[in-house]
Amino acid sequence: LRRHLGGGGRRRLLGATSAAYSTSTGSSPEQDGAAAANVTADDSAAEKKRQKAGLLPSLEDLLFYTIAEGQERIPIHKFITVLKSTGLRTSDPRLKECMDMLRTNVQAASDGVLLDKELFKKCVGSNIVLLTQAFRRKFVIPDFDIFSSHIDGLHEIAKKMTGGKVADYIPQLAKFSPDLWGVSLCTVDGQRHSVGDTKVPFCLQSCVKPLKYAVSVHDLGTEHVHKYVGKEPSGLRFNKLFLNEEDKPHNPMVNAGAIVVTSLIKHGLGNAEKFDYVTQFLNQMAGNEYVGFNNATFQSERETGDRNFAIGYYLKEKKCFPEGSDMTGVLDFYFQLCSIEVTCESASVMAATLANGGICPITGERVLSPEAVRNTLSLMHSCGMYDFSGQFAFHVGLPAKSGVSGGILLVVPNVMGIMCWSPPLDKLGNSVRGIQFCQDLVSLFNFHNYDNLRHFSKKHDPRREGGEVRHSFGSMDYESLQKELALNGILWRKVSTEPNEEDSSTTVVYRMQGPAVRN
């Protein structure tokens, strides 16, 4: 504690947060600080006792006094507006207790919109570490509002593109408007942003291929899965009747490989149980956001799937399926999985689960093993974009998977997942607007796998705060955040608010800043 409280750091702490230092003994902050100076830093038991006695203010107190700025109560809309500017949503499952408490107190309070200190602490207490990380800009994209405005600009550029043709070989797909265009992203910390037609359901189609491959590797392991399917790009159209020299499909991202992978999932069970199993996985990956099923598309796929039936019979002839497989049942299951519906928003969380090493960012639940995620991203990088895979790896340098419904599932490892969706396709079967967006994204930000080599001219790095190197703080618990927050000056700068569906207020709100921007 002497190290943390000595000199200017102690004076800054006492000056900035003295109101939060009331102790059960009634001693002043100066007396507490002097007492702390007489205790050795390695006396952890005594340190915890001192914290409980009030030597360091609680995170709840620090946040309250910072937001309140000398006032006795905080407007709820101010708290919510600043929370949203960090990228968190009020619907985030991790904030459920906090939001439920706020709603309850809004309904019960006579004024309905103000929080005093005790009520504030009661509302945020169950989520205080997450909220502190958000307000102290500890998330992977610290300047999230600026980053989001760039995404909006890239979306607008791609929106102007008019080329491509909506897929019509599956009749249900041909019904979508060519003007639909949406982009959603979710970071590994659960920061969310969407622009365009992001709530319109569409079928995953081939975007489900990496997801079911991940499920199969998670369950069966790499060695078992790759007894039946290879790892190499084929150099051929995705629906070719062609196998490698070992009479295996080239990789899980072409139709032949995806059909074989489908046959491995819960082998021996009926299709109903298999479908429920995979959709449960996808729901977990999406943080329980929208995952549906389009029966009309399934029926349409089955009725027009002659090429896939031909591939199935060819695979059966070459004994590519595990023993005891029913080829027609496998194809039915394959068509079902292609017909699973998502929105840009729910699919971006799936992509973020891959970016986060298999842990869903908005639930904290481990869904996929690290082995399954690593293998999936590797194959997406080399084989995920049909015959454009090499060019996409060269120009964009990120794992991705496209589908004929117009989706592109894009992963920026350790940063975020993105779903772009627009039905018009180029001649290779990729979304015209989606490809443009991905290329523009990497032209602006240093997300390409090889952008960070030494001596390269640097692009924008949204992972750096205010242009400075963003240090890794690692996993932060209550006590480490408590010290970090108390011992660094806190400022809030004014940010404008825009009316929206949830909050039409135009009251001035503030964003937290660290001491580096005090000038």
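Between N452 and N446, some side-chain heavy-atom pair lies under the 4.5 Å cut-off. Two residues are said to be in side-chain contact when any heavy atoms from C-beta on lie closer than 4.5 Å; E317 and M327 fail this criterion. The shortest side-chain heavy-atom distance between E301 and Q205 falls under the 4.5 Å cut-off. Considering only heavy atoms from C-beta on, L130 comes within 4.5 Å of L88 through its side chain. Side-chain contact check for M416 versus L410: every heavy-atom pair is 4.5 Å or farther apart. T343 is not listed as a side-chain neighbour of V200, based on a closest heavy-atom distance of 4.5 Å or more. For the pair C383 and V254, the minimum side-chain heavy-atom distance is 4.5 Å or more. Looking at heavy atoms from C-beta onward, L425 lies out of side-chain contact with V432 at the 4.5 angstrom threshold.
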Decide side chain to side chain donor-acceptor pair (under 3.5 Å) for T328 and D326; before the verdict, give the C-alpha distance in whole Å, the side-chain angles of both, and the deciding distance to 0.1 Å. CA-CA 6 Å; T328 56; D326 171 22; 3.1 Å; yes
Test salt bridge (Lys or Arg N to Asp or Glu O under 4.0 Å) on R137 and D143 and set out the steps. CA-CA 8 Å; R137 297 151 63 88; D143 290 318; 2.6 Å; yes
Go through it in stages, so that I can follow the logic: the residues are I359 and V367, the test is side chain to side chain contact (heavy atoms under 4.5 Å, CB included), and I'd like the CA-CA distance, side-chain angles, deciding distance and then a yes or no. CA-CA 6 Å; I359 296 174; V367 184; over 6 Å; no
What verdict does the side chain to side chain contact (heavy atoms under 4.5 Å, CB included) test give for K84 and T81, after you've listed the backbone C-alpha separation in whole Å, the side-chain angles of each residue and the deciding distance to 0.1 Å? CA-CA 5 Å; K84 288 178 181 178; T81 303; 5.9 Å; no
Verify side chain to side chain contact (heavy atoms under 4.5 Å, CB included) between L368 and M285, making sure each step is shown before the conclusion. CA-CA 8 Å; L368 295 167; M285 289 186 70; 3.9 Å; yes
Worked verdict on V404 versus Y169 for side chain to side chain contact (heavy atoms under 4.5 Å, CB included): CA-CA 10 Å; V404 295; Y169 73 94; 3.3 Å; yes
Are Q436 and R433 close enough, and set up right, to give a side chain to side chain donor-acceptor pair (under 3.5 Å), and what steps lead you there? CA-CA 5 Å; Q436 184 68 46; R433 293 189 182 103; over 6 Å; no
Assess whether side chain to side chain donor-acceptor pair (under 3.5 Å) is satisfied between Q191 and T86, documenting all intermediate values. CA-CA 7 Å; Q191 297 164 284; T86 70; over 6 Å; no
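Ring centroid separation for the pair F275 and F293 comes in under the 6.0 Å cut-off. Taking the centre of each ring, Y213 and H226 come in below the 6.0 Å mark. H150 has its ring centre less than 6.0 Å from the ring centre of F445.
Distance alone, capped at 3.5 Å, is enough to place a donor-acceptor pair between the R366 side chain and the G357 backbone. Not a single donor-acceptor pair under 3.5 Å links the side chain of S325 to the backbone N or O of F321. For the pair H267 (side chain) and E323 (backbone), a donor-acceptor distance under 3.5 Å is present. Of the possible polar contacts, none joining the H218 side chain to the A372 backbone as a donor-acceptor pair under 3.5 Å is found.
For the pair K212 and F281, the cation-pi criterion (under 6.0 Å, within 45° of the ring axis) is not fulfilled.
Looking at every heavy atom in both residues, T363 comes nearest to G287 through CG2-CA, 3.8 Å. For the residue pair P361 and T353, the shortest heavy atom distance occurs at CD-OG1, 3.7 Å. Here the shortest heavy-atom pairing between F447 and P462 reads CZ-CG, 3.5 Å. In plain terms, the two heavy atoms of L282 and M350 that are nearest each other are O-CE, 3.7 Å. Residues I170 and S300 come closest through the heavy atom pair CG2-OG, 3.6 Å. Contact detail for C438 and I408: the closest heavy-atom pair is SG-CG2, 4.2 Å.
Ring geometry, F144 versus F147: the interplanar angle falls from 30° to 60°, so the pair is classed tilted.
When the side-chain contact (heavy atoms from CB on, under 4.5 Å) test is applied to V188, the partners found at least two apart in sequence or on another chain are V140, A355, N356.
Between the side chains of Y386 and S206, at least one donor-acceptor pair of N or O atoms lies under 3.5 Å. In summary, the side chains of N375 and T222 do present a donor paired with an acceptor at a separation below 3.5 Å, with no hydrogens or angles considered. Donor-acceptor pairing under 3.5 Å is lacking for the side chains of K96 and N127. With 3.5 Å as the limit, one finds a donor-acceptor pair spanning the side chains of S184 and S194. Side-chain N/O atoms of S402 and N430 include a donor and acceptor closer than 3.5 Å. Using a 3.5 Å distance cut-off with no hydrogens or angles, the side chains of E341 and Y290 do pair a donor with an acceptor.
In this structure, the separation between CE on M380 and CG on L398 is 10.0 Å, given to the nearest 0.5 Å. Taking NZ of K209 as the reference point, atom OG1 of T376 lies at 14.5 Å (rounded to 0.5 Å). For the atom pair S405 OG and L180 CG, the distance stands at 11.5 Å (nearest 0.5 Å). Expressed to the nearest 0.5 Å, how far NZ of K401 lies from SG of C207 amounts to 6.5 Å. Atom CG of N414 sits about 9.0 Å away from atom CZ of R463, to the nearest 0.5 Å. One finds the CG atom of L185 at 9.0 Å from the CG atom of L441 (value rounded to the nearest 0.5 Å).
Residue-environment remark: OH (Y313) stays at or below the threshold of 12 foreign heavy atoms within 6.0 Å. Other residues, nucleotides and ligands contribute at most 12 non-hydrogen atoms within 6.0 Å of the NE2 atom of H460.
Between R89 and E345 a salt bridge is recorded (basic side-chain N to carboxylate O distance below 4.0 Å). Salt bridge annotation for E273-K266: absent, with no cationic side-chain nitrogen under 4.0 angstrom from a carboxylate oxygen. Here R192 does not pair with D92 in a salt bridge; the nearest charged N to carboxylate O distance is not below 4.0 Å.
Applying the ring-ring contact (aromatic ring centres under 6.0 Å, His included) definition to pairs two or more places apart or across chains, those involving residues 176-195 are H155-W181, F176-W421.
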